[in-house]
Amino acid sequence: MGRKNNTQVPDFILLGLTDSEEVQRVLFVQFLLIYLVTVLGNAGMVLIIRLDLQLHTPMYFFLSHLSFLDLSYSTVILPKTLENLLTSTKYISYVSCFTQMYFFVFLGATECFLLSSMAYDRYVAICNPLHYPVVMSTRFCCSLVFASYSIGFADSFVNVLCMRRLHFCDSNVIHHFFCDTSPVLALSCTDTNDIEIMIFIVAGSTLMVTLIMISVSYVSILSTILKITSTSGKQKAFSTCASHLLGITIFYGTMIFTYLKPSSSYSLGKDQVASVFYTIVIPMLNPLIYSLRNKEVKNAFIRVMQKGEGSGHLK
């Protein structure tokens with residue numbers, strides 16, 4: 001399985017999560033079910049938001065893009081993981097590996113900035129409700145989403161550009177279930193200090209800048225909520241933010257644990273568990289966190305279904 005004196009290996013081997021065939025079969029069934037729920041949940045959210053006019057608001061505009069990102073995020077990782085769980089040969093080509101890495105970083109960085117945009121939207125809605133329609137205009141919301149995708153593209157481009165400078169001389173075996181930055185860096189036979197510093201700066205800046213933006217928004221929100229005298233008003237304001245805060249906590253907690261540390265401290269077991277959580281579990285949970293607890297989405301789903309039944313009767 002090793003490669004010697006070869007600086008441009010044609011392929012890599014993804015070892016995956018376990019060597020046990022029985023465990024692999026169990027994981028295949030679990031991951032397949034998770035992927036199906038992820039596709040149905042996120043695709044369903046996008047469709048409901050697009051079809052129901054009452055959900056054509058800034059909050060649900062951002063949520064539709066979050067669902068699209070989660071669906072794409074999961075699709076970049078899970079199909080190859082499912083394939084490898086069923087086969088004894090777990091090869092991934094050099095080009096496919098770096099393509100997977102590019103889209104993984106692109107979608108992850110974009111989601112960070114989209115979550116900060118959603119936090120700002122909640123800040124304006126609660127702290128400046130009278131100015132909300134003016135501030136969160138369609139043009140401004142589109143600009144925030146476009147900026148999120150643009151920064152994600154730039155982050156990913158820098159990451160892959162740095163990683164492509166690596167040379168692989170001794171082994172092509174990646175101790176992970178997808179082409180993540182840390183395990184690929186660990187394979188390099190060249191000095192990776194400069195590349196690690198650059199990636200750490202880019203990833204750290206993305207996580208910390210967006211986390212600071214989110215924190216400032218929610219500190220202002222909390223300050224405003226505490227000034228509300230009525231209990232029902234406080235409960236309504238808290239319920240507006242609870243889903244977003246829960247999603248942020250889970251997403252950033254696992255991301256910071258995994259990426260804001262040097263690759264020398266990469267732990268095969270702990271980092272793989274964290275990776276499973278933010279690449280596979282979180283994209284499935286987000287529709288549940290943001291939507292199924294939301295009466296507006298439930299009512300929109302009923303309206304869309306009734307509209308569909310009405311169209312069927314007319315035919």
Side-chain angles (χ1 to χ4, degrees), residues 1-32 34-35 72-109 152-153 155-196 198-199 202-203 258-259 262-264 266-276 278-280 283:
M1 290 197 298
R3 298 278 200 272
K4 293 187 178 181
N5 300 322
N6 189 353
T7 59
Q8 199 77 349
V9 295
D11 48 49
F12 294 100
I13 297 170
L14 293 166
L15 281 191
L17 294 164
T18 179
D19 294 329
S20 169
E21 289 186 6
E22 291 182 1
V23 176
Q24 285 179 8
R25 284 194 289 269
V26 172
L27 288 176
F28 174 81
V29 174
Q30 290 178 341
F31 287 175
L32 180 60
I34 288 173
Y35 185 55
S72 304
Y73 201 63
S74 186
T75 302
V76 166
I77 305 296
L78 259 177
K80 185 62 181 176
T81 302
L82 290 171
E83 179 190 334
N84 286 345
L85 286 171
L86 288 181
T87 59
S88 56
T89 57
K90 305 178 188 298
Y91 287 98
I92 182 169
S93 70
Y94 180 89
V95 173
S96 296
C97 184
F98 278 85
T99 301
Q100 186 184 62
M101 187 188 298
Y102 172 83
F103 280 104
F104 168 71
V105 176
F106 165 61
L107 294 166
F153 171 81
D155 281 3
S156 185
F157 183 76
V158 171
N159 183 86
V160 174
L161 204 63
C162 290
M163 295 295 288
R164 282 186 64 86
R165 294 167 54 194
L166 298 174
H167 297 290
F168 305 98
C169 313
D170 301 320
S171 176
N172 66 338
V173 180
I174 298 174
H175 293 272
H176 212 339
F177 63 93
F178 73 100
C179 291
D180 199 3
T181 306
S182 296
V184 174
L185 273 172
L187 292 184
S188 177
C189 57
T190 53
D191 184 22
T192 61
N193 284 335
D194 292 342
I195 295 173
E196 282 186 53
M198 178 61 71
I199 291 173
V202 172
T258 306
Y259 292 106
S263 64
S264 57
Y266 173 75
S267 169
L268 186 60
K270 292 180 181 178
D271 284 60
Q272 283 191 338
V273 170
S275 297
V276 167
Y278 66 75
T279 59
I280 298 173

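Only this structure's heavy atoms are used, side chains among them; waters, hydrogens and symmetry mates stay out.
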message: Could you measure the distance from the OG atom of S72 to the CD1 atom of I77? Nearest 0.5 Å is fine.
response: 11.5 Å
query: Measuring from F178:CZ to K80:NZ, what's the distance to the nearest 0.5 Å?
result: 14.5 Å
message: Could you walk me through whether Y278 and Y73 satisfy the side chain to side chain contact (heavy atoms under 4.5 Å, CB included) test, starting with their C-alpha distance in whole Å, then the side-chain angles of each, then the deciding distance to 0.1 Å, before giving a yes or no?
response: CA-CA 10 Å; Y278 66 75; Y73 201 63; 3.5 Å; yes
field: Within 6.0 angstrom of F98 CZ, more than 12 heavy atoms from elsewhere
entry: yes
- line: Shortest non-hydrogen pair, K90 vs N84, comes out as NZ-O, 2.5 Å
query: What distance separates L185 CG from I174 CD1, expressed to the nearest 0.5 Å?
result: 11.0 Å
Verdict with reasoning, E83 to F28, per side chain to side chain contact (heavy atoms under 4.5 Å, CB included): CA-CA 9 Å; E83 179 190 334; F28 174 81; over 6 Å; no
- request: Look up atom OG1 in T18 and atom CG in L85, then write down how far apart they are to the nearest 0.5 Å.
  value: 9.5 Å
message: Rounded at 0.5 Å granularity, tell me how far NE2 in H176 sits from CG in L17.
response: 8.0 Å
message: Give me the atom names and distance for the closest heavy-atom approach of S188 to L166.
response: OG-CD2, 3.6 Å
query: Passes side chain to side chain contact (heavy atoms under 4.5 Å, CB included), T75 versus Y35? Steps please.
result: CA-CA 8 Å; T75 302; Y35 185 55; 3.0 Å; yes
- prompt: Side chains of C97 and L14: does their closest heavy-atom pair fall under 4.5 Å?
  reply: no
- request: Quick one: pull up CZ in R25 and CD in Q30 and give me the separation to the nearest 0.5 Å.
  value: 13.5 Å
field: Neighbour count >12 (heavy atoms, 6.0 Å) for atom CG, D191
entry: yes
- request: Give a yes or no answer on whether the side chain of S156 reaches the backbone of Y102 with a donor-acceptor pair at less than 3.5 Å.
  value: yes
message: Can a donor-acceptor pair be found, under 3.5 Å and without considering hydrogens, that links the side chain of S96 to the backbone of I92?
response: no
statement: On a heavy-atom basis, the closest approach of D180 and S275 is OD2-OG, 4.2 Å
task: Please report the closest heavy-atom contact between L187 and N172, naming both atoms and the distance.
output: CD1-C, 4.1 Å
- request: Look at the rings of F106 and F153 and say which category their plane angle falls in: under 30° parallel, 30 to 60° tilted, over 60° perpendicular.
  value: perpendicular
field: Where D155 and A109 come nearest, the two heavy atoms and their spacing
entry: OD2-CB, 3.6 Å
message: Please evaluate residues Y91 and F12 with respect to the criterion ring pair (Phe, Tyr, Trp, His ring centres under 6.0 Å), reporting the C-alpha separation (whole Å), side-chain torsions for both, the decisive distance (0.1 Å), and the verdict.
response: CA-CA 6 Å; Y91 287 98; F12 294 100; over 10 Å; no
message: Set out, in order, the CA-CA distance, both residues' side-chain angles and the distance that settles side chain to side chain contact (heavy atoms under 4.5 Å, CB included) for I280 and S74, then state yes or no.
response: CA-CA 6 Å; I280 298 173; S74 186; 5.9 Å; no
Non-hydrogen atoms of V76 and F104 that approach each other most closely: CG1-N, 4.2 Å
